[in-house]
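Since the structure comes first, as structure tokens, the remarks are kept for the end.
Note on naming: letters A, B, ... go to the chains in the order of the sequence lines (proteins, then strands), and numbering restarts at 1 for each one.
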Amino acid sequence: MKDNSNFSKHLLDWFYNNKREMPWRETKDPYKIWLSEVMLQQTQVNTVRPYYLKFIERFPNIETLAHAEIDEVSKYWEGLGYYSRIRNFHSAVREVRDTYNGIVPSDPEKFLKLKGVGPYTQGAVMSIAFNHKVPAVDGNVYRVFSRLDNDDFDISKPAARRHFEQKVMRVMPDAAGDFNEALMELGATVCTPKAPLCIFCPVMSHCESYMEGNVTERPVKLKKIKKQTEHYKVLVIEKNGKIYIERRPDNGLLQSMWQFPMFHIDTHPDTIEEELNMALHIESTPFMSLKHQFTHLTWHMDVYKAVAIGSVDETNFIEIREKEGYNFPVSMTKIFKKYVDEK
DNA sequence: CATACGTGGCA
DNA sequence: TTGCCAAGTAT
């Protein structure tokens, strides 16, 4: 970075004069800051906003959230993704109630020990809620400092976090929380991954990559994600106007969420009847096919209508309107919508 | 250290 | 259409 003496001042001035409205910026309540930081992990502000507002309306403080059951709480996360976040947050909030008398610890080391709190969330909450001088290094900060210093450190390596934390601490002003937010805000709105708006950048004069003309080559990220593909046969089974759903395992992908039963694409119908312990009439052609993309996985799903024949255990058969009482991943919500639209 | 873990927006 | 990317953490 060129001439870092005025860097933090320029950045903070820009931040104060261009502050975007966000619900969690209206408070210094550590619980609300913490919730917003968890929601914002790998998730953009515009996606988070409506979820945050509904969540805070129902669970305005530690006590209301700690008192609620995880199945109800999870419903407020439906569609946000990375669902382990809410299980960990709920668990951590109960620990705050039980171990810290309902007060979010202001000691960074104690806070870091809570479930779902990593180095980023620790830094963000400790600096924003308590103004502790600790770094909060996320993807934005990687990018901003890669460019400021024309630094080719490979950000796909785990060691990158400590590398950039050191850079942040070298220029950290007293207004730690504002500074951490300003760095992220700069990355999100000006120093963007594609087509950065350098001419509007408040710290352009400090940016070595801008001077060098290679801003689009920073940051360096070498590792590529390799995606797997899986093909499934999905069944919407009806019985007396109700449909069959099942709970996913309590580990792995989409843990404990509900779904229509899914089988490897070439599973024989006899095997399906056996595994479900039902006699079925399955339609010969799917009523919908869909592709669902995860970060590391693609699901191709052929969805068939089916009818359960004879006497059946109706435990897991629900009315369509009852789906509001269960937590479904987006792939299943798409199937619900198509199924209902055709009725 | 490498990989699993969701979803939506964008070019 | 496809791949990349987003205020990361757990294992």
Side-chain angles (χ1 to χ4, degrees), chain A residues 15 20 22-25 33-52 74 77-89 91-92 111-128 135-144 154-162 164-165 168 177 179-189 191-196 216 219 221-230 248-249 251-257 259 290-299 327-334:
Chain A
F15 179 61
R20 286 190 293 174
M22 297 183 196
W24 48 90
R25 284 189 176 156
I33 303 292
W34 181 14
L35 170 66
S36 72
E37 292 300 340
V38 174
M39 285 187 163
L40 285 163
Q41 289 167 13
Q42 300 288 283
T43 312
Q44 302 194 117
V45 168
N46 287 340
T47 304
V48 165
R49 198 186 306 266
Y51 281 89
Y52 173 86
S74 294
W77 210 271
E78 190 181 72
L80 247 194
Y82 284 150
Y83 299 101
S84 65
R85 290 184 292 174
I86 187 54
R87 292 191 301 274
N88 288 335
F89 183 63
S91 167
F111 186 67
L112 180 62
K113 288 198 173 85
L114 296 166
K115 277 186 190 158
V117 176
Y120 165 76
T121 305
Q122 176 196 33
V125 175
M126 293 296 100
S127 65
I128 295 169
V137 171
D138 70 340
N140 289 306
V141 179
Y142 286 171
R143 188 169 57 255
V144 167
D154 178 6
I155 66 162
S156 63
K157 293 192 174 309
R161 197 195 77 242
R162 288 188 302 283
F164 289 102
E165 280 176 352
V168 171
F179 183 66
N180 282 334
E181 277 200 89
L183 281 173
M184 292 187 276
E185 191 79 348
L186 184 72
T189 62
C191 195
T192 49
K194 290 175 233 177
T216 56
K221 187 174 187 178
L222 297 180
K223 191 175 60 186
K224 305 291 181 202
I225 315 158
K226 49 185 172 191
K227 207 178 264 192
Q228 303 231 314
T229 301
E230 297 175 351
R248 292 180 61 84
N251 58 59
L253 185 65
L254 302 170
Q255 180 178 334
S256 300
M257 297 184 86
Q259 67 176 9
L290 71 115
K291 187 165 69 170
H292 189 79
Q293 306 265 169
F294 300 90
T295 303
H296 59 297
L297 189 62
T298 301
W299 277 358
N327 206 347
F328 293 98
V330 167
S331 51
M332 296 299 147
T333 304
K334 289 177 186 167

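Atom CG in A:Asn140 sits 9.0 Å away from atom CG in A:Leu183 (nearest 0.5 Å).
Side-chain contact, A:Thr121 with A:Arg85: no donor N or O sits under 3.5 Å from an acceptor N or O.
Nearest-nucleotide assignment on DNA chain C puts the 5′-proximal partner with A:Pro193, out of A:Thr121 and A:Pro193. Comparing A:Arg162 and A:Leu297 along DNA chain B, the residue whose closest nucleotide (by nearest heavy atom) sits nearer the 5' end is A:Arg162.
Of all heavy-atom pairs between A:Arg143 and A:Cys191, the closest is NE-O, 2.7 Å. Annotation for A:Phe328 and A:Glu78: closest pair N-OE2, 2.8 Å, computed over non-hydrogen atoms. Closest approach of A:Gln255 and A:Arg87 over heavy atoms only: OE1-NH2, 3.0 Å.
Counting 5' to 3', DNA chain C first comes under 4.0 angstrom of a heavy atom of chain A and last does so at the ends given by C:dT2 to C:dA10.
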Protein-nucleic acid N or O pairs under 3.5 Å, nucleotides 6-9 of chain B:
| residue | atom | partner | partner atom | Å |
| --- | --- | --- | --- | --- |
| B:dG6 | OP1 | A:Tyr83 | N | 2.8 |
| B:dG6 | OP2 | A:Leu254 | N | 2.6 |
| B:dG6 | O4' | A:Tyr82 | N | 2.9 |
| B:dG6 | N7 | A:Tyr82 | OH | 3.3 |
| B:dG6 | N7 | A:Thr295 | OG1 | 2.5 |
| B:dG6 | O6 | A:Tyr82 | OH | 3.0 |
| B:dG6 | N1 | A:Gln42 | O | 3.2 |
| B:dG6 | N2 | A:Gln42 | O | 3.3 |
| B:dG6 | N2 | A:Thr43 | OG1 | 3.1 |
| B:dG6 | N2 | A:Leu80 | O | 3.4 |
| B:dT7 | OP1 | A:Tyr83 | OH | 2.8 |
| B:dT7 | OP1 | A:Val330 | N | 2.9 |
| B:dT7 | OP2 | A:His292 | NE2 | 2.9 |
| B:dT7 | O4 | A:Thr295 | OG1 | 2.9 |

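To the nearest whole angstrom, the two P atoms, one in B:dT3 and one in C:dC4, are 15 Å apart. Only the P atoms considered, B:dA4 is 23 Å distant from C:dA7, to the nearest whole Å. The P atoms of C:dT11 and B:dG6 are separated by 14 Å, rounded to the nearest whole Å.
For A:Phe164, the ring-ring contact (aromatic ring centres under 6.0 Å, His included) test picks out A:Tyr142, with sequence neighbours left out.
Distance, A:Lys223 NZ to B:dT3 P: 6 Å, rounded to whole Å.
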Kindly indicate, with the supporting measurements, whether the criterion side-chain contact (heavy atoms from CB on, under 4.5 Å) is fulfilled by A:Tyr51 and A:Leu35.
CA-CA 11 Å; A:Tyr51 281 89; A:Leu35 170 66; over 6 Å; no

Are A:Trp77 and A:Phe89 close enough, and set up right, to give a ring pair (Phe, Tyr, Trp, His ring centres under 6.0 Å), and what steps lead you there?
CA-CA 11 Å; A:Trp77 210 271; A:Phe89 183 63; 7.4 Å; no

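Checking each of A:Glu37, A:Glu165, A:Arg161 against A:Tyr120 for a side-chain hydrogen bond (donor to acceptor under 3.5 Å, both in side chains) leaves exactly one that passes, namely A:Glu37.
If you check every strand for non-hydrogen atoms under 4.0 Å, A:Val48 touches nothing. Here A:Arg49 lies out of heavy-atom contact (under 4.0 Å) with every strand. Here A:Lys157 lies out of heavy-atom contact (under 4.0 Å) with every strand.
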